[in-house]
Amino acid sequence: MKTLLTYDTETTGLYRHDGDEMFAFSTCNKNPDGYGTTAVHRLDPPKARARASQARLDAIWSDTGKRRYAKVMHNARFDLGMTEKRLGRSLRGHEIHETMALSHIFQNLLPTHKLEYLGWELFGYDRKFDAPAHKYLNSERGMLDCPEEVLTPYQVADAERTHLLMHFFLPRIAQEGLQEVYDMERRLVWTTLTIEDRGVVVNRARCREMAEHYMKEADLARERFRTIAGYGVNPGSAKQLQYLLFKKMGFPVVKLTKKAKQPSTDAEALEALIQQTNHPIFAAILQIKAYSKAADVFAGYLDVSDDDGVIHPSIHPYAAKTGRESCSRPNLHNVSKETTRNVRYPVPARRVFKPKPGFVNFMLDYSGIEARILAHMSGDEGVIKIFQEGGDFHAVASEIFYGDMFRNATGAARKSLRDAGKNGDFRIGYGGGEDKLGGTIGIEQSLGVAAYRRFKARFPKYTNLNKRQAKEVRECGFVTTAFGRPLCVPADKAFAGTNYDSQGTAAGILKRAQNRIDEYFGTSEEGMVLPIHDELWIQWPRKRLREAKGMLRDVIAMMVDFPQISVPLEVEVKICTSDWNSAKEYEV
DNA sequence: AAACACGGCGCG
DNA sequence: AAAGCGCGCCGTGTTT
């Protein structure tokens, strides 16, 4: 194994695509016994020192150095991105270690994987250096504004804490059979770095129009609200709304909030009140909420995009307890759709996303991956067989649930029954009881119970999946994904084991697929630009559309090749030439 | 002023 | 006994 060298950068801010730069770094090459040195280097003036530090930086990241260290980082994507920017070249090929990934792999339920927290929790490492330095995180020039006598001990602390973490986790990787999982996450660092660098594009002019439009609409709705409620109530405050609607105006409480059990003012409750009372105040409130939020979203895209409309989101591979990725600045995982669900005032936010000039975006989507994974996890021969034979599990289930009502239905009626049946399948998979099924599939409760029992007789293992996993969680505290990754489940939520496993397995599929596809494209301009849980966007040059099908066949093959999963995976492709909202199905 | 909890809402 | 879950972001309201 290579010698380890811990490496940590200091920067003027968090966003390399938004002008921030590294100006210092620290290293630590101590061995587990503590022999070795921690060093602090600065690239800012005085000149002589900067030259020496630059030479050291070049040496660390040289490809010709006699001794190639494996560089150990905590949140490696950040340090690599900043360092690549400083050096003006890709650093692919260097062996790296990622202690944040290790922290997540070994303790997925921690509230945070920040270095100072881990240092304190695991080693009792003193946090006295942190607060004085952290004060400068949000200052104009970031840590560059931090006095050297404050920053230096902080740099030392960070390098040493990372170093301690690495030596703490290192022996456990192979011991606990997690080498493949860890290597996959290490590889994903480079994949994600490249995806973030490519970025996605928004139409800035359209963002501006939309922001203005929804600002006006929100103002109009506020006027309507005021003519009813007067000026005393802020419709953005659930608490004030609650007082107004249920105390002052005396509307019936239709739903309680989850934690505090207060009368809810969410869309579902307001929708129910519209049905019951037909009072205009509820539409006004729903409009204010939807439209003011929409205005913020579009303004946010303007804030984070460059002059060409390019957005470089932050993609976090270790944020979610289930091993899923998350996305921020902006969150591109929750961009609202125009249609789908029963939303009274939908916002077509997807219309502002477009391909980069000269490119199209292919959007590759696993079809029904959640149901397939549940089938796999359950080990239920009947369900698995349906998928293996290319059948429609939700239609089979709907037949069991509804009998002739489903068999004789056609067109839209059949589709709506199948959709409800599908909800029933998920509800059962995630542990919904027999008395819950009727409500989910829209039949009387006692008929629902009978339907549940018929389903259970046909698919016993599938029906018992959640119970088995909850038991497993209560006994050992974790579930294990199809890739052998253990995921701890909160002790008071053992029933969520099925969820952790299915999300974690789906995440494992997509992360591995991304790595393969990244290997295929490298750092070229064409390639992945966005992962969204069960979907991948690929930016592809318009001039090479003739070659697209070949590329897509290669990529799809990489996405579905998972012998760990006992049911086949399928991928659907859409092509986006104008905006996300009007992406069209694409035959491969 | 900053940190935290919560409600609410968008997506998968 | 009962329960889908996971995120990020925004605003409000409370606490420090």
Side-chain angles (χ1 to χ4, degrees), chain A residues 108-109 111 131 134-135 137-138 233-242 255-270 285-286 288-290 292-297 299-300 303-304 313-338 340-341 343-350 365-366 368-370 373-374 423-436 440 465-467 469-470 479 487 489-490 492-504 506-507 510 530-536 580:
Chain A
N108 61 297
L109 291 183
H134 284 170
K135 274 200 299 201
L137 279 174
N138 294 319
V233 179
N234 175 358
S237 161
K239 205 166 182 180
Q240 294 182 30
L241 225 41
Q242 191 189 105
K255 184 184 173 186
L256 297 178
T257 60
K258 207 164 165 121
K259 289 213 165 152
K261 307 288 177 212
Q262 291 294 304
S264 173
T265 57
D266 71 7
E268 191 191 325
L270 299 185
I285 296 169
L286 288 170
I288 294 170
K289 288 186 182 189
S292 60
K293 187 174 176 180
D296 284 352
V297 165
D303 272 351
V304 298
S314 297
I315 297 167
H316 314 284
Y318 335 112
K321 297 193 281 287
T322 55
R324 259 195 181 181
E325 297 185 303
S326 79
C327 180
S328 67
R329 197 182 180 268
N331 182 0
L332 298 179
H333 289 175
N334 70 343
V335 181
S336 73
K337 291 175 159 180
E338 202 143 336
T340 67
R341 306 163 310 113
V343 176
R344 194 171 280 262
Y345 304 106
V347 174
R350 298 189 174 204
D365 190 323
Y366 285 99
I369 194 165
E370 197 182 358
I373 289 172
L374 281 176
N423 287 338
D425 293 339
F426 285 124
R427 185 118 201 185
I428 293 172
Y430 290 120
E434 61 178 14
D435 53 329
K436 289 283 182 299
T440 304
L465 171 65
N466 184 260
K467 270 191 183 155
Q469 290 199 290
V479 294
L487 291 171
V489 179
D492 57 341
K493 280 192 193 174
F495 62 87
T498 311
N499 230 291
Y500 273 63
D501 195 345
S502 74
Q503 269 199 26
L510 201 74
L530 187 67
I532 320 180
H533 304 309
D534 67 349
E535 181 179 344
L536 278 172
W580 185 1

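In what follows, chains carry the letters A, B, and so on, assigned in the order in which the sequence lines appear, proteins first and then strands, with residues in each chain numbered from 1.
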Exercise. Calculate the interatomic distance between Lys259(A) atom NZ and dG13(C) atom C1'; express it in whole Å.
Key: 16 Å
Self-check item: Proximity to the side chain of Thr265(A) - top-ranked nucleotide from dG12(B), dG8(B), dG8(C)
Solution: dG8(B)
Exercise. Go through the N and O atoms of the side chain of Lys293(A) and the base of dC9(B), and report whether any donor-acceptor pair is under 3.5 Å.
Key: yes
Self-check item: Nearest heavy atoms of Lys261(A) and Leu256(A), plus distance in Å
Solution: O-CD2, 3.8 Å
Quiz item: Rounded to whole angstroms, how far apart are CD on Glu325(A) and C1' on dG8(C)?
Solution: 15 Å
Practice problem: Record whether the side chain of Arg324(A) comes under 3.5 Å of the base of dG12(B) through a donor-acceptor pair of N or O atoms. | Solution: yes
Quiz item: Between dG4(C), dG8(B), dG10(B), which nucleotide gets closest to the side-chain atoms of Ser264(A)?
Solution: dG8(B)
Quiz item: Where each residue is assigned the nucleotide of DNA chain C containing its nearest heavy atom, which of Ala496(A) and Asp492(A) is assigned the position nearer the 5′ end?
Solution: Asp492(A)
Practice problem: Evaluate the criterion side chain to side chain donor-acceptor pair (under 3.5 Å) for residue pair Thr498(A) and Asn466(A); output intermediate values, then yes/no. | Solution: CA-CA 6 Å; Thr498(A) 311; Asn466(A) 184 260; 2.8 Å; yes
Exercise. Please work out if Ser502(A) contacts a base, only the sugar-phosphate, or nothing of the nucleic acid, heavy-atom cut-off 4.0 Å.
Key: nothing
Self-check item: OP1 or OP2 of dG13(C) under 4.0 Å from side-chain N/O of Ser237(A)
Solution: yes
Self-check item: Distance test, side-chain N/O of Lys337(A) to OP1/OP2 of dC11(B), below 4.0 Å
Solution: no
Exercise. Report yes or no: does Arg350(A) contribute a side-chain atom to a donor-acceptor pair with the main-chain N or O of Glu338(A) at less than 3.5 Å?
Key: no
Self-check item: Short side-chain N/O contact to dT12(C) OP1/OP2 from Asn234(A), under 4.0 Å
Solution: yes
Quiz item: Which nucleotide in the set dA3(C), dC10(C), dG12(B) lies at the smallest distance from any side-chain heavy atom of Phe495(A)?
Solution: dA3(C)
Quiz prompt | Lys255(A) atom NZ, neighbour heavy-atom count above 12 within 6.0 Å | solution = yes
Quiz prompt | Watson-Crick or G-U wobble mate for dG4(C), both contacts under 3.5 Å | solution = none
Exercise. Examine the base of dG7(B) for any acceptor or donor lying under 3.5 Å from a partner atom in the side chain of Asp266(A), and report the outcome as yes or no.
Key: no
Self-check item: Listed nucleotide nearest any side-chain atom of Ala238(A), set dG6(C), dC9(C), dG7(B)
Solution: dG7(B)
Quiz prompt | Whichever of Ala319(A) and Gly236(A) has its nearest DNA chain C nucleotide further upstream toward 5' | solution = Ala319(A)
Quiz item: Picking from dG6(C), dG10(B), dC10(C), which would you name as closest to the side chain of Asn331(A)?
Solution: dG10(B)
Quiz prompt | Selection from dT12(C), dG8(B), dG12(B) that lies nearest to any side-chain heavy atom of Lys289(A) | solution = dG8(B)
Quiz item: Between Gln242(A) and Pro263(A), what is the shortest heavy-atom contact and its length?
Solution: NE2-O, 3.3 Å
